[in-house]
Amino acid sequence: MKKCVILTGAGISADSGLNTFRDAGGLWEGHKVTDVCTPEAFARNPKLVLDFYNMRRRQANEAQPNAAHQALVRLEAHYRVQIITQNVDNLHERAGSRRVLHLHGELNKVRSCADEREVLDWTGDLNIGHTDGKGRQLRPHIVWFGEEVPLFAQAVEEMRDADIVVVVGTSLQVYPAASLLHFAPPQAECFLVDPKPQQAGRAVEIVAQKAKDGVPALVDELIRRASST
């Protein structure tokens, strides 16, 4: 069974009604990124940062998987599917995908400010005074700007033996995630599903559609191929 690696970004979640990373004004939910998405921001104003992520968590938990998420689940009957997502929502899992690697963390998890290995499942609001087992403040389990991406090396290894790579809803402009495509084998077939595709850095077949439209059609084609061999 061939291996299919799916790299997803904000565009696939946008089709479920979740705002993409930044709007045209360079803001995120009305905030400067430097005010809510860095370790320095959390040290300076932890309540603002916690409130920001509480809002995002509530929005994500109210959203529903769309046709693109659901199509990727169908692919698992015909390929070894590994999803690598830059998204922090759990829409892939809720749709039924079994192998999802979250490069930038997860909204429904929190961790100790003092020990990044202490990670807890969390679905409600996170506030000042919520602490770990030793009384230390908890923070969102999110990779902020300026922090290392701890699962990047694992993502690279998943990409190295891909037969097919499908990039969905990401501009391939945010590093290090944007460099993952370069670790796919030279012979791997690559697809890019995005209504406004940008240069991918290697030969890709473009599907210039929104995720909810382009992914189901591409999945149907990949399943047809697998079924005919």
Side-chain angles (χ1 to χ4, degrees), residues 7-66 84-94 100-132 135-152 155 168-180 194 196 198 211:
L7 177 60
T8 67
I12 194 170
S13 295
D15 285 348
S16 289
L18 296 179
N19 289 349
T20 52
F21 175 58
R22 299 188 218 184
D23 63 22
L27 301 177
W28 197 4
E29 300 281 8
H31 296 281
K32 292 180 180 178
V33 171
T34 52
D35 289 339
V36 290
C37 305
T38 67
E40 294 78 14
F42 187 66
R44 183 171 60 246
N45 192 342
K47 183 179 186 304
L48 175 65
V49 174
L50 293 179
D51 287 346
F52 172 77
Y53 281 99
N54 287 340
M55 177 177 61
R56 296 201 65 218
R57 189 181 301 107
R58 289 193 293 266
Q59 291 171 339
N61 289 341
E62 291 171 0
Q64 297 299 319
N66 62 59
I84 301 171
T85 186
Q86 299 174 68
N87 300 331
V88 294
D89 58 65
N90 64 354
L91 293 173
H92 282 299
E93 289 92 340
R94 286 164 55 197
V100 184
L101 189 156
H102 286 267
L103 277 180
H104 295 160
E106 301 179 60
L107 281 171
N108 284 335
K109 292 184 178 179
V110 299
R111 72 172 186 257
S112 169
C113 284
D115 184 355
E116 64 183 24
R117 297 169 299 177
E118 186 171 345
V119 179
L120 306 172
D121 292 330
W122 201 272
T123 55
D125 285 356
L126 177 63
N127 299 312
I128 301 294
H130 284 141
T131 58
D132 66 12
R136 302 170 297 195
Q137 178 64 40
L138 294 168
R139 56 159 280 181
H141 186 50
I142 301 292
V143 178
W144 286 327
F145 286 98
E147 296 182 325
E148 292 186 5
V149 181
L151 296 181
F152 182 73
V168 183
T170 173
S171 64
L172 293 175
Q173 302 300 306
V174 177
Y175 284 83
S179 65
L180 281 174
D194 197 287
K196 298 178 181 178
Q198 300 189 40

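Treat the numbers as computed from the prediction; the structure is a model and nothing was measured. All values below come from the heavy atoms of this structure, side chains included, with hydrogens, waters and symmetry mates left out. Along the sequence shown, residues carry numbers from 1.
Checking Thr8 against Gln86 by side-chain atom types alone, no donor-acceptor pair falls below 3.5 Å.
In this structure, CZ on Phe52 lies 13.0 Å from CG on Asn45, to the nearest 0.5 angstrom. Taking CG of Asp35 as the start and CZ of Arg44 as the end, the distance is 6.0 Å to the nearest 0.5 Å. Here the CG atom belonging to Asn108 is positioned 4.5 Å from the CG atom belonging to Asn61, to the nearest 0.5 angstrom. Separation of atoms CD1 (Ile128) and CG (Asp51) is listed at 8.5 Å; rounding is to 0.5 Å. Annotation: the span from Phe145 atom CZ to His104 atom NE2 amounts to 8.0 Å, rounded to 0.5 Å. The line from CZ of Arg58 to OG1 of Thr123 is 12.5 Å long, rounded to the nearest 0.5 Å.
Scanning both residues, Gly11 and Ala211, for their nearest heavy atoms gives O-CB, 4.2 Å. Pairing each heavy atom of Asn87 with each of Ala10, the nearest pair is OD1-N, 3.2 Å. Of all non-hydrogen atoms in Leu107 and Ala60, the two that sit nearest each other are CD1-CB, 3.8 Å. Here the shortest heavy-atom pairing between Ser16 and Ala63 reads O-CB, 3.8 Å.
Within the 4.5 Å cutoff, the side chain of Leu103 has heavy atoms near those of the Leu180 side chain. Between Phe42 and Leu50, the closest side-chain pair of non-hydrogen atoms falls below 4.5 Å. Two residues are said to be in side-chain contact when any heavy atoms from C-beta on lie closer than 4.5 Å; Gln137 and Cys113 meet this criterion. Looking at Arg139 and Trp144, their side chains come closer than 4.5 Å, going by heavy atoms from C-beta outward. Contact check for Val88 versus Ile142: side-chain heavy atoms found under the 4.5 Å cut-off.
A donor-acceptor pair under 3.5 Å links the side-chain atoms of Asn66 to the main chain of Ile12, judged by distance alone. Put simply, the side chain of Ser112 never gets that close to the backbone of Asp132: no donor and acceptor are under 3.5 Å apart. At least one donor-acceptor pair under 3.5 Å links the side chain of Asn54 to the backbone N or O of Leu126.
With sequence neighbours excluded, the residues satisfying side chain to side chain contact (heavy atoms under 4.5 Å, CB included) with His102 are Thr85, Glu93, Val100, Glu106.
At a threshold of 4.0 Å, the pair Lys109-Glu118 does not count as salt-bridged, since none of the basic side-chain nitrogens sits closer than that to a carboxylate oxygen. With respect to the salt-bridge test (charged N to carboxylate O, under 4.0 angstrom), the residues Asp89 and Arg57 do not qualify.
In this structure, Arg111 is not positioned above the aromatic face of Trp122 in the sense of NZ or CZ being under 6.0 Å from the six-membered ring centre and within 45° of the axis.
The local environment of CD in Glu116 is sparse, with at most 12 non-hydrogen atoms from other residues, nucleotides or ligands closer than 6.0 Å.
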- Message: One pair to check against side-chain contact (heavy atoms from CB on, under 4.5 Å): Val168 and Leu7. What are the steps and the verdict?
- Response: CA-CA 6 Å; Val168 183; Leu7 177 60; over 6 Å; no
